[in-house]
2 protein chains.
Amino acid sequence: MADEQEARPDLAAMMVPVGRALVAAELPILREHGLSMWAYAVLLGLKEEPVRTQSALAKAIGADKTRIIGDLDDLQERGLIRRTPDPADRRARLLSLTPEGRRLRDAARAAIRLREERLLARLPAADRRAFLRALRTLSELPLDEIAGDPAADG
Amino acid sequence: MADEQEARPDLAAMMVPVGRALVAAELPILREHGLSMWAYAVLLGLKEEPVRTQSALAKAIGADKTRIIGDLDDLQERGLIRRTPDPADRRARLLSLTPEGRRLRDAARAAIRLREERLLARLPAADRRAFLRALRTLSELPLDEIAGDPAADG
DNA sequence: TATTGTTATACTCTATAACTATA
DNA sequence: TATAGTTATAGAGTATAACAATA
């Protein structure tokens with residue numbers, strides 16, 4: 001039934017290479033702003049309110065807690081984030097953006113957005129809106145709801 | 001102007017994790033069919049007509065030519081692909097699917113498609129069609145047109 | 001001299017284990 | 001004993017270099 005028309009590559013086979021290319025497009029922009037990919041993810045992950053532990057931040061941005069330590073050190077030395085010991089639990093460090101960190105994050109994000117808009121301009125306006133809406137819906141699902149065992153959730 | 005409404009994560013920040021989750025969802029299905037991710041990519045890359053060199057196949061599926069040799073060896077031993085020396089150029093090996101290879105590829109692909117449909121069912125029908133159309137458009141672009149230096153193409 | 005296929009090597013990224021200091 | 005942060009180590013995946021055969 002409509003085999004011919006339904007034929008399309010696997011979702012992963014389309015998403016993964018495009019995702020990789022998008023990362024490749026971001027890297028030189030981030031480099032111009034003096035940021036690694038993970039450093040940028042950290043700045044984005046801190047949002048507006050402080051985060052209570054490095055582990056929580058790491059988890060939120062999909063990194064290992066050991067992975068981001070070097071980036072945190074660097075960002076702190078450059079005055080882009082604050083890392084203050086929590087008085088209530090001296091094991092933990094309260095993480096927050098400095099004004100300069102916020103500015104750099106916004107500048108990098110704006111440059112990336114500009115680049116993305118040029119790519120998205122290739123899509124018809126209606127498709128483009130639906131694409132972003134759908135992508136956002138999928139990316140907001142718990143990841144193990146996509147990856148998890150189908151037998152587990154019926 | 002409409003900052004609030006336009007706010008969305010970076011494209012890469014949405015695509016990459018979803019892509020990873022889709023791969024994670026595929027892996028157990030492929031394992032049930034005795035295929036690695038790259039072996040599956042090889043079966044898909046061979047399509048219907050033979051491919052003239054391993055390098056060309058590797059390039060077509062986005063792999064390094066050295067990366068797929070082990071998979072080609074395995075697939076050949078299991079009778080899923082043919083690797084016959086090209087009489088016209090004895091350096092090259094003509095690659096093609098055997099009937100069993102075609103059957104296994106189709107079975108794996110059908111199982112993956114079934115899983116994907118369950119995920120896509122979360123999207124409204126119209127968004128879903130537009131999403132697939134847009135994703136396909138983007139994935140069919142030359143990748144360096146996404147990743148390439150914006151100064152290069154104006 | 002260039003190219004196909006191959007093997008061996010090095011590199012990058014990530015995950016694991018082990019340590020300290022707090023709780 | 002359990003957890004936050006850290007360091008050191010090991011593993012997976014990928015790319016690079018070097019080689020034999022052929023053009």
Side-chain angles (χ1 to χ4, degrees), chain A residues 12 16-17 19-21 23-24 26-27 30-31 35-42 45-46 50-77 81-96 143-144 147, chain B residues 12-13 16-17 19-21 23-24 26-28 30-31 35-42 45-46 50-77 81-96 143-144 147:
Chain A
V16 171
R20 257 200 275 269
V23 168
E26 280 195 14
L27 282 176
L30 291 175
R31 198 162 38 229
L35 293 171
S36 70
M37 184 60 73
W38 282 117
Y40 179 56
V42 163
L46 289 180
V51 171
R52 263 204 42 264
T53 72
Q54 296 182 185
S55 299
L57 173 62
K59 190 174 181 191
I61 66 179
D64 194 275
K65 67 172 180 172
T66 67
R67 175 67 191 78
I68 62 171
I69 291 177
D71 296 277
L72 292 176
D73 291 345
D74 180 59
L75 290 170
Q76 182 180 24
E77 274 173 31
I81 66 170
R82 267 185 299 265
R83 188 152 55 151
T84 59
D86 182 345
D89 181 347
R90 295 210 309 265
R91 292 173 304 180
R93 278 143 184 65
L94 294 162
L95 301 167
S96 59
L143 288 184
D144 58 357
Chain B
V16 171
R20 256 201 275 269
V23 168
E26 280 195 14
L27 281 176
L30 290 175
R31 198 163 37 230
L35 293 171
S36 70
M37 183 61 73
W38 282 117
Y40 180 56
V42 163
L46 290 179
V51 173
R52 261 203 43 263
T53 71
Q54 294 182 185
S55 299
L57 173 62
K59 191 174 180 190
I61 65 178
D64 193 275
K65 67 172 180 173
T66 67
R67 176 65 191 78
I68 62 171
I69 292 178
D71 296 278
L72 292 176
D73 291 346
D74 180 58
L75 290 171
Q76 182 179 25
E77 274 173 32
I81 66 170
R82 265 183 299 265
R83 188 151 56 152
T84 58
D86 181 347
D89 181 346
R90 294 210 310 263
R91 291 175 304 180
R93 278 143 184 67
L94 294 163
L95 301 168
S96 59
L143 287 185
D144 56 358

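Remember, it's a predicted structure, so these values are computed and weren't measured experimentally. Chain A is the first sequence line, chain B the second, and so forth, proteins listed ahead of strands; every chain is numbered from 1.
The CZ atom of Arg91(A) sits 10.0 Å away from the CG atom of Asp86(A) when rounded to the nearest 0.5 Å. Summarising the geometry, atom CE belonging to Met37(A) is positioned 4.0 Å from atom CG belonging to Leu27(A); distances are rounded to the nearest 0.5 Å.
In this structure, Arg52(B) places its CZ atom 8 Å from P of dT4(C), rounding to the nearest Å. Taking atom CG on Asp71(A) and atom C1' on dC13(C), their separation rounds to 12 Å, with Å as the unit. Across the protein-nucleic acid pair, Gln76(B) atom CD and dG5(C) atom C1' stand 13 Å apart, rounded to whole Å. To the nearest angstrom, C1' of dA8(C) lies 12 Å from CD1 of Ile69(B). Atom-to-atom, CG of Asp89(B) to C1' of dG5(C) comes out at 11 Å; the value is rounded to the nearest Å. Whole-Å rounding puts the Leu72(B) CG to dT7(C) P distance at 12 Å. Atom CG of Asp74(B) is separated from atom C1' of dT6(C) by 17 Å (rounded to the nearest Å). Taking atom NZ of Lys65(A) as the reference point, atom P of dT16(C) lies 12 Å away to the nearest angstrom.
Phosphate contact (OP1/OP2 of dG5(C), side-chain N/O of Arg91(B), threshold under 4.0 Å): absent. Dashed line: the shortest gap from a side-chain N or O of Arg93(A) to OP1 or OP2 of dT22(C) is not under 4.0 Å.
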Q) Do Val42(A) and Leu95(A) pass the side chain to side chain contact (heavy atoms under 4.5 Å, CB included) test, and can you show the C-alpha distance, the side-chain angles, and the key distance before you say yes or no? A) CA-CA 10 Å; Val42(A) 163; Leu95(A) 301 167; over 6 Å; no
(Q) Evaluate Arg83(A) against Asp73(A) for side chain to side chain contact (heavy atoms under 4.5 Å, CB included), listing each step before the verdict. (A) CA-CA 9 Å; Arg83(A) 188 152 55 151; Asp73(A) 291 345; 2.4 Å; yes
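Side-chain contact check for Arg52(B) versus Leu94(B): some heavy-atom pair is nearer than 4.5 Å. You'll find the side chain of Thr53(B) stays beyond 4.5 Å of the side chain of Asp89(B), heavy atoms only. Residues Leu35(A) and Asp71(A) form no side-chain contact, since every pair of their non-hydrogen atoms from C-beta on lies 4.5 Å or further apart.
Mapping Thr53(A) and Gly62(B) onto DNA chain D by nearest heavy atom places Thr53(A) at the nucleotide closer to the 5' end.
Within the 4.0 angstrom heavy-atom criterion, base atoms lie near Asp64(B).
Chain A approaches DNA chain D over the interval dA2(D) to dT7(D), counting the first and last nucleotide 5' to 3' with an atom under 4.0 Å from its heavy atoms.
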